[in-house]
Student: 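Please read through the structure below; I'll follow up with questions.
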Amino acid sequence: MGKLLGICVSEQKGTEKHLIEEADLVEDFGIQDDAHAGKWHRQVSLLSNEKIEAFKARGAEVQPGAFGENLIIEGYDFRSLPVGTRFQIGDALLEMTQIGKECHTHCRIYHKMGECIMPTQGVFTKVLKGGHIRIGDEVIMIEKDENAPFRVAVVTLSDKGSKGEREDLSGPAIAEMVTEFGYEVVEMVLIPDDQKRIEAELIRLADGRQVDLILTTGGTGFSRRDVTPEATLNVATRLAPGIAEAMRMLSMKYTKRAMLSRAVSVLRNDTLIINMPGSPKAVRECLEEILDSVDHGLKILKAKDSECARS
């Protein structure tokens, strides 16, 4: 069991947070009056007091809230816990949604110490149930529900779409189909055809958000800007080529130009990444073909099912 040692808020983003004695957690929003609250997956940030003390022991002079953390909690190593872990504080209930974050603008601590622990040791949560919290409250960890549906992120790659010059129809089509299949879509992303940006997004979703499945759409053709396969291969830890091959075989029944698809399918640790076609029609056709087998593969990957073999 943990203990709440600090509650920190800021009225504006980009400023250090300051300590308060008590606060209201608002369902699906965050801490009342905190600048980082909102309708997104990073509503409340948590940081282990033990990690703060270890950092201070190396000579850092930091006050509560200096790392941008909302809640300072003693008793848990958050980095070692999986996304989906829940924490009860009084009547309030939080669910962990992301581990760590990319630091775009280095804070004062980084410039002084050469590092900051929030990007590596901090975690983020959303508020499932609101409630009033106070310093000194007990923090009870509730382990991740292993029977929860598989979590999916949909990533659309389109220069024009990211500029608002073209409506994204394929991403919503994917989200609709996997939701009907019983999966949970936790994030939808629309970004330009930039390889480094794609790689960073895939890494964030796989490592930080720990989604089970990432489905990309777009960027798999012969254009010089079509770099989705290269970005996907660069972040892979293992290959899973059969899925992309099966989609090409199916699509060849409808058009010979399917042979020009360079889509790949890979694993990044415990996350399956599949490059889908760029059109809504092809997306639906391919998902209908692969979803049952993908589901079985995910269950094997997550040790929820055993390998099968034909006799």
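Scope of the values below: all heavy atoms of this structure, side chains included, with no hydrogens, waters or symmetry mates.
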Student: Which pair of non-hydrogen atoms, one from Leu157 and one from Pro192, has the smallest distance, and what is that distance?
Tutor: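 In terms of heavy atoms, the two residues are closest at CD1-O, 4.2 Å.
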Student: Minimum heavy-atom separation for Val186 and Arg209, please, with both atom names.
Tutor: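 Answer, listing the atom of Val186 first, then Arg209: O-NH1, 3.3 Å.
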Student: Find out if a path of hydrophobic residues (ILVMFWY) with successive side-chain heavy-atom gaps under 4.5 Å connects Val294 to Val283.
Tutor: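 Same hydrophobic cluster.
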Student: Can you check whether Gly65's main-chain N or O pairs, donor with acceptor, with Glu69's side chain at less than 3.5 Å?
Tutor: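 Side chain of Glu69 to backbone of Gly65: a pair is present.
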Student: Got a sec: does the NZ of Lys3 have more than 12 other heavy atoms crowding it under 6.0 Å?
Tutor: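 No, because the 6.0 Å sphere around NZ of Lys3 holds 12 heavy atoms or fewer from other groups.
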Student: I'd like to check Glu285 versus Leu250 (side-chain heavy atoms, cut-off strictly below 4.5 Å). Are they in contact?
Tutor: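 Counting from C-beta outward, Glu285 and Leu250 do come under 4.5 Å.
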Student: Would a single hydrophobic cluster contain both Ile99 and Leu46, if residues Ile, Leu, Val, Met, Phe, Trp and Tyr are joined by side-chain heavy-atom contacts under 4.5 Å?
Tutor: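 Same hydrophobic cluster.
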Student: Quick check: is Met188 connected to Met276 through a chain of hydrophobic side chains (ILVMFWY, heavy atoms under 4.5 Å apart)?
Tutor: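 Cluster IDs for Met276 and Met188 match.
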Student: Under 3.5 Å, side chain of Ser265 to main-chain N/O of Ala244, donor-acceptor pair present?
Tutor: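 Answer holds: yes.
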Student: Less than 4.0 Å between a side-chain N and a carboxylate O, is that true for Asp145 and Arg86?
Tutor: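 No.
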Student: Are there over 12 heavy-atom neighbours, none belonging to Glu21, within less than 6.0 Å of that residue's CD?
Tutor: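 Open: at most 12 neighbouring heavy atoms sit under 6.0 Å from CD of Glu21.
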Student: With Lys281 as the cation and Tyr254 as the aromatic partner, state whether NZ or CZ is under 6.0 Å from the six-membered ring centre and within 45° of the axis.
Tutor: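 Positive - Lys281 is close enough to the ring of Tyr254 and near enough to its axis.
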Student: Against Arg268, only a single residue in Ile273, Leu205, Leu202 fulfils side-chain contact (heavy atoms from CB on, under 4.5 Å); can you say which?
Tutor: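 Among Ile273, Leu205, Leu202, the one meeting side-chain contact (heavy atoms from CB on, under 4.5 Å) with Arg268 is Ile273.
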Student: Tell me, yes or no, whether the heavy-atom count around Met249 atom CE, taken from other residues, nucleotides or ligands under 6.0 Å, exceeds 12.
Tutor: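 Counting neighbours around CE of Met249, 12 or fewer heavy atoms of other residues, nucleotides or ligands fall under 6.0 Å, so no.
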Student: Would one find more than 12 heavy atoms of other residues, nucleotides or ligands at under 6.0 Å from atom CZ of Arg166?
Tutor: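 Check fails, neighbour count at 12 or below.
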Student: Checking the side chain of Ser48 only, and the main-chain atoms of Phe78 only, is there a donor and an acceptor separated by less than 3.5 Å?
Tutor: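 Between the backbone of Phe78 and the side chain of Ser48 there is no qualifying donor-acceptor contact (under 3.5 Å).
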Student: Specify the closest pair of heavy atoms between Phe124 and His41, including all atoms of both residues, with the distance to one decimal.
Tutor: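 Nearest pair, atom of Phe124 first, then His41: CB-O, 4.4 Å.
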Student: Check this for me, if you would: do Arg134 and Glu22 make a salt bridge, where the nitrogen-to-carboxylate-oxygen distance has to be below 4.0 angstrom?
Tutor: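 A salt bridge links Arg134 with Glu22.
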Student: Taking it one step at a time, do Val211 and Thr271 satisfy side chain to side chain contact (heavy atoms under 4.5 Å, CB included)?
Tutor: CA-CA 6 Å; Val211 298; Thr271 299; 4.1 Å; yes
Student: Between atom SG of Cys8 and atom CD1 of Ile31, what is the distance when rounded to the nearest 0.5 Å?
Tutor: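 Answer for the SG-CD1 pair, Cys8 versus Ile31, is 8.0 Å.
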Student: Please, which pairs that meet ring pair (Phe, Tyr, Trp, His ring centres under 6.0 Å) have at least one residue in residues 267-293, sequence neighbours excluded?
Tutor: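 Passing the test, one end in residues 267-293: no pairs.
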Student: Where do Thr217 and Pro277 come nearest, in terms of heavy atoms and distance?
Tutor: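 Scanning both residues completely, I find the closest heavy atoms to be OG1-O, 2.6 Å.
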Student: Going through the distances and angles, do His18 and Glu11 end up as a side-chain hydrogen bond (donor to acceptor under 3.5 Å, both in side chains)?
Tutor: CA-CA 9 Å; His18 56 86; Glu11 289 71 32; 3.1 Å; yes
Student: What residue among Arg204, Arg151, Lys126 forms salt bridge (charged side-chain N to carboxylate O under 4.0 Å, His left out) with Glu187?
Tutor: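 That would be Arg204.
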Student: Using 0.5 Å steps for rounding, measure from the CD atom of Glu138 to the CG atom of Leu4.
Tutor: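 Output value for this atom pair is 11.0 Å.
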Student: Do Ile174 and Ile214 land in one hydrophobic cluster if side-chain heavy atoms of ILVMFWY residues count as linked below 4.5 Å?
Tutor: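 No, no single cluster joins them.
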Student: Just by distance, do the side chain of Ser293 and the backbone of Ile290 share a donor-acceptor pair under 3.5 Å?
Tutor: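 Side chain of Ser293 to backbone of Ile290, a donor-acceptor pair under 3.5 Å: no, none is there.
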Student: When you measure from the centre of the six-membered ring of Trp40, is the NZ or CZ of Lys101 under 6.0 Å away and within 45° of the axis?
Tutor: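 Judged by the rule (NZ or CZ under 6.0 Å from the ring centre, within 45° of its axis), Lys101 is not positioned above Trp40.
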Student: Side chains of Gln210 and Pro82: does their closest heavy-atom pair fall under 4.5 Å?
Tutor: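 Yes; the side chains approach each other to less than 4.5 Å.
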Student: Where do Val44 and Asn70 come nearest, in terms of heavy atoms and distance?
Tutor: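 Residues Val44 and Asn70, closest heavy atoms: CA-OD1, 3.5 Å.
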Student: Could you give me the CA-CA distance, side-chain angles and deciding distance for Lys304 and Phe150, then say whether side chain to side chain contact (heavy atoms under 4.5 Å, CB included) is met?
Tutor: CA-CA 11 Å; Lys304 295 183 178 182; Phe150 287 127; 4.0 Å; yes
Student: Side chain to side chain contact (heavy atoms under 4.5 Å, CB included) for Phe87 and Leu71? Distances and angles first, verdict last.
Tutor: CA-CA 12 Å; Phe87 301 95; Leu71 304 183; over 6 Å; no
Student: Looking at Glu180, I'd like to know if its CD atom is crowded, meaning that more than 12 non-hydrogen atoms belonging to other residues, nucleotides or ligands lie closer than 6.0 Å.
Tutor: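 Atom CD in Glu180 is crowded, with more than 12 foreign heavy atoms closer than 6.0 Å.
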Student: For Glu288, check side chain to side chain contact (heavy atoms under 4.5 Å, CB included) against everything at least two apart and list the hits.
Tutor: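 With neighbours one apart ignored, the set is Met177.
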Student: Could you go step by step and tell me if Asp77 and Lys51 meet the side chain to side chain contact (heavy atoms under 4.5 Å, CB included) rule?
Tutor: CA-CA 8 Å; Asp77 179 4; Lys51 301 297 183 182; 3.5 Å; yes
Student: So, does Thr228 use its side chain to make a donor-acceptor pair with the main chain of Gly218 at under 3.5 Å?
Tutor: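 Indeed, once roles are kept as given, a pair shorter than 3.5 Å links the two residues.
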Student: Quick one: CD1 on Ile140 to CE on Met1, what's the gap to the nearest 0.5 Å?
Tutor: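 It comes to 4.5 Å.
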Student: Which residues satisfy the side chain to side chain contact (heavy atoms under 4.5 Å, CB included) test with Pro149, sequence neighbours excluded?
Tutor: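 Testing Pro149 for side chain to side chain contact (heavy atoms under 4.5 Å, CB included), a comparison that skips the adjacent residues, returns Glu184.
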Student: Distance from Leu301 atom CG to Arg238 atom CZ, nearest 0.5 Å?
Tutor: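 Leu301 atom CG to Arg238 atom CZ measures 6.5 Å (nearest 0.5 Å).
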Student: For the backbone of Leu213 and the side chain of Tyr183, can you confirm whether one donor and one acceptor N or O come within less than 3.5 Å of each other?
Tutor: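 Judged by distance alone, no pair lies under 3.5 Å.
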Student: Determine the minimum heavy-atom distance between Asp34 and Lys17, stating which atoms define it.
Tutor: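 Closest approach of Asp34 to Lys17: OD1-NZ, 2.9 Å.
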Student: So do Val123 and Val83 actually touch side chain to side chain, heavy atoms under 4.5 Å?
Tutor: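 Counting from C-beta outward, Val83 and Val123 never come under 4.5 Å.
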Student: Do the side chains of Gln43 and Asp28 get nearer than 4.5 Å, heavy atoms only?
Tutor: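 Heavy-atom side-chain distance check passes, below 4.5 Å.
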Student: If hydrophobic clusters are built by linking Ile, Leu, Val, Met, Phe, Trp and Tyr wherever their side-chain heavy atoms come under 4.5 Å apart, do Val235 and Ile243 end up in the same one?
Tutor: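 No.
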Student: Would you call Arg262 and Asp226 a salt bridge, taking side-chain N to carboxylate O under 4.0 Å as the test?
Tutor: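 Here Arg262 does not pair with Asp226 in a salt bridge, since their nearest N and O are not under 4.0 Å apart.
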Student: Is it true that atom CG of Asp91 has more than 12 heavy atoms of other residues, nucleotides or ligands lying nearer than 6.0 Å?
Tutor: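 Counting other residues, nucleotides and ligands, CG of Asp91 stays at 12 neighbours or fewer.
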Student: In Å, rounded to the nearest 0.5 Å, how long is the span from CD of Glu146 to NZ of Lys302?
Tutor: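 If I round to the nearest 0.5 Å, the distance is 9.5 Å.
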Student: May I ask you to decide whether Asp159 forms a salt bridge with Lys163, counting only side-chain N to carboxylate O separations under 4.0 Å?
Tutor: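 Here Asp159 does not pair with Lys163 in a salt bridge, since their nearest N and O are not under 4.0 Å apart.
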Student: Any side-chain donor paired with an acceptor under 3.5 Å for Thr232 and Asn275?
Tutor: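 Yes.
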Student: side-chain hydrogen bond (donor to acceptor under 3.5 Å, both in side chains), that's the test. Do Thr156 and Asp168 meet it? Break it down for me.
Tutor: CA-CA 8 Å; Thr156 300; Asp168 174 25; 2.9 Å; yes
Student: Between atom CD of Glu95 and atom CD1 of Ile142, what is the distance when rounded to the nearest 0.5 Å?
Tutor: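 The CD atom of Glu95 sits 10.0 Å away from the CD1 atom of Ile142.
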Student: Are Val185 and Val178 packed together at the side-chain level, in the sense that at least one heavy-atom pair is separated by less than 4.5 angstrom?
Tutor: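 SC-SC contact between Val185 and Val178 confirmed.
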